[in-house]
Amino acid sequence: MIDRKAFRTDFDAMQTALSRRGEGVVDAGSAWSRAKALDVRQRELKGELEVLQSERNRVSKVIGQKKGSGADASEEMALMGEVSRQVKGLDATAKEAETEFSNILLEIPNLPHDSVPDGSDEAANVELRKWGTPREDEVPAHWDIGEALGILDFEAGATLAGSRFSVLRGMGARLERALMQLMLDMHADKHGYEEVWVPAIANRKTMTGTGQLPKFEDDLYKLEGEELFLIPTAEVPVTNLYQDQILDGAALPIKHCAYTPCFRREAGSAGRDVRGMIRQHQFDKVELVQLVQPEHALSALHDLTAHAEAVLQALELPYRVVDLCAGDIGFSAQKTFDLEVWLPSQGIYREISSCSSFGQFQGRRANIRFRGEDGKPVAVATLNGSGLAIGRTLVAVLENGWQADGSVKIPVALQSYLGGREIIANA
RNA sequence: GGAGAGAUGGCUGAGUGGCCGAAAGCGCGCCCCUGCUAAGGGUGUAUAGGGCAACCUAUCGAGGGUUCGAAUCCCUCUCUCUCCGCCA
């Protein structure tokens with residue numbers, strides 16, 4: 001969430017930054033526009049309450065002393081009975097006001113970093129660089145390639161669970177596992193990330209810490225009768241590993257990689273990518289997470305993005321890096337680089353990784369702090385990025401490695417994970 | 001799922017109604033002494049909010065209650081540990 005202190009001292013500057021996200025973010029009726037009055041009211045009530053509490057504490061002390069020495073304190077006690085009633089009433093009101101303000105703060109998105117390009121939608125995103133040479137020939141869609149090879153089975157997925165689920169068979173399943181292993185090995189061995197294995201279910205507090213709640217509950221799968229949710233990304237459990245902790249400054253940066261399944265309801269994307277594995281309700285992902293000192297957030301973002309890129313390079317998949325504009329970055333993000341892989345069947349680059357810095361936004365929400373130079377706790381900056389989305393990577397491997405005879409060439413880096421095989425072909 | 005025990009500051013751990021934001025130890029910061037040494041002495045050290053200085057307020061797992069007053073008593077919930085059951 002945004003910084004409470006800065007909210008009062010730098011209101012105008014924050015509003016200017018937020019307004020870059022687009023229409024509606026700071027307009028009348030928005031969380032932002034309602035927050036100011038709630039803050040004022042909340043602080044006024046608290047001030048009044050503190051005066052009363054101070055009086056109660058003072059006289060209570062006197063009563064204690066009088067009683068201790070055997071003196072009569074009934075006059076003070078009668079007086080305090082009334083004060084206590086007032087405190088109780090005002091305390092409830094003040095708490096309500098504070099909760100209301102806190103809740104509205106949770107609905108205000110992060111401030112885009114100054115370096116984020118202007119723009120309202122993806123059309124304004126800025127391509128930073130390209131890697132590799134996209135093939136230009138006609139390539140079938142991955143669902144045709146995969147079904148012909150007998151390694152992708154969308155019908156079975158639909159039967160078992162519904163649309164947007166799939167089944168992998170044989171070398172398809174093995175390819176999924178190989179990609180997972182290759183990615184984890186690269187990040188753990190070469191890029192300095194400690195591997196962690198975490199729950200795929202998280203509670204409300206954890207979901208709030210990274211920003212999925214309270215605003216995006218409709219995008220999540222919620223367990224019947226329980227305040228638990230399936231995670232949409234490993235970012236949630238891995239970042240929250242440190243919730244409510246004060247870390248030693250020397251322990252930073254903390255870098256974790258994790259494989260998890262991810263679950264998304266895809267509520268707002270009816271009709272989009274209905275075929276194939278591009279947009280599934282359940283998919284696998286290897287995620288990179290970093291906790292760093294705030295001043296290192298941007299340089300860490302470049303590092304983390306490079307780590308994700310290294311996977312695409314190892315797999316010889318052409319891609320480009322895009323600097324998302326202010327209108328296209330996510331709710332919690334301060335700055336985001338998307339990696340888009342070349343999909344020859346569609347002749348376009350498709351998102352395969354999203355690498356973001358959140359500044360101290362999540363650090364404040366999840367209450368993750370470290371001790372700075374002066375010994376005072378400071379909210380950490382957090383980052384994360386897909387390294388990579390495995391399903392989409394599998395799609396890219398199939399399409400980019402497809403050969404006219406229907407077989408698929410396996411990138412060299414992956415071969416050792418597939419028993420030394422160089423191609424996937426019909427048995 | 002059943003029975004019992006517990007949840008206190010960066011950590012360990014006292015504290016059963018007022019003088020407790022909390023003893024002691026560890027760790028850490030600063031200062032001092034000393035040279036025969038894997039040390040000694042002093043002092044400081046929770047978090048958040050407000051004034052932004054003195055100081056005030058809140059917080060002893062969370063929420064509610066009793067009381068003039070609660071870390072301490074009562075209720076509910078969560079989590080941890082032990083035993084039993086069950087299970088991959």
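Throughout, protein chains are lettered first and strands after them, A, B, ... in sequence-line order, and every chain is numbered starting at 1.
With a 3.5 Å ceiling on both atom-pair distances, the Watson-Crick or G-U wobble partner of B:U43 is B:G29. Under the Watson-Crick or G-U wobble criterion, with both distances below 3.5 Å, B:C60 has no partner in any strand shown. B:U16 makes up no base pair with any nucleotide shown, lacking Watson-Crick or G-U wobble contacts both under 3.5 Å. Shown here, B:G21 forms no base pair; nothing in the strands shown gives a Watson-Crick or G-U wobble contact with both key distances under 3.5 Å. Using the Watson-Crick or G-U wobble rule with both distances under 3.5 Å, B:G4 pairs with B:C81. The partner of B:A70 cannot be assigned: no Watson-Crick or G-U wobble pair with both contacts below 3.5 Å exists in any strand. Nucleotide B:A54: unpaired (no Watson-Crick or G-U wobble partner with both distances less than 3.5 Å). Base pairing analysis places B:U34 opposite nothing; no Watson-Crick or G-U wobble pair with both distances below 3.5 Å involves it.
Contacts of A:Glu76 with the nucleic acid, taken as non-hydrogen atoms under 4.0 Å apart, are absent. Note on A:Arg4: nothing from the nucleic acid sits closer than 4.0 angstrom, heavy atoms only. Within the 4.0 angstrom heavy-atom criterion, base atoms lie near A:Met77. Residue A:Lys205 is classed as having no contact, given no heavy-atom separation below 4.0 Å to the nucleic acid. Using a 4.0 Å heavy-atom cutoff across all strands shown, A:Asn57 reaches sugar-phosphate atoms only and no base atom. As judged by a 4.0 angstrom heavy-atom cut-off over every strand, A:Lys46 is placed among residues touching the sugar-phosphate backbone only.
Listed pair A:Lys376 / B:G10 fails the phosphate criterion, with no side-chain N or O lying under 4.0 Å from OP1 or OP2.
Closest approach to the A:Arg369 side chain among B:G49, B:A48, B:A58 is made by B:A48 (side chain taken as heavy atoms from C-beta onward). Listed nucleotides B:U47, B:A58, B:G49 differ in distance to A:Arg56; the shortest reach to its side chain belongs to B:A58. Between B:C68, B:U47, B:G49, one nucleotide has an atom nearer to the side chain of A:Glu50 than all others, and that is B:G49. In this structure, the nucleotide among B:A46, B:A48, B:A58 sitting nearest to the side chain of A:Arg371 is B:A46. Closest to the side chain of A:Ser84, out of B:C68, B:U47, B:U57, is B:C68. Here the nucleotide nearest the side chain of A:Ser60, chosen from B:G69, B:U66, B:G64, is B:G69.
When the nearest nucleotides of RNA chain B are assigned to A:Gln65 and A:Leu49 by heavy-atom distance, the more 5′-ward of the two goes with A:Gln65. Residue order along RNA chain B, read from the 5' end via each residue's closest nucleotide, puts A:Lys61 first among A:Lys61 and A:Thr9.
Taking 4.0 Å as the cut-off between side-chain N and carboxylate O, A:Glu155 and A:Arg169 do not count as a salt-bridged pair.
Taking the six-membered ring where tryptophan is involved, the planes of A:Phe216 and A:Phe331 are perpendicular, since the angle between them exceeds 60° and thus also 30°. Ring pair A:Trp32/A:Phe11 is parallel by interplanar angle, where below 30° counts as parallel and above 60° as perpendicular.
Side-chain contact of A:Thr206 with A:Asn203: a donor-acceptor pair under 3.5 Å is present, judged by distance alone. Between the side chains of A:Gln290 and A:Tyr193, at least one donor N or O lies within less than 3.5 Å of an accepting N or O.
Of the residues A:Val341, A:Leu312, A:Val286, the one that meets the side chain to side chain contact (heavy atoms under 4.5 Å, CB included) test with A:Leu388 is A:Leu312.
Rounded to whole Å, the P atom of B:A22 lies 13 Å from the corresponding atom of B:G44.
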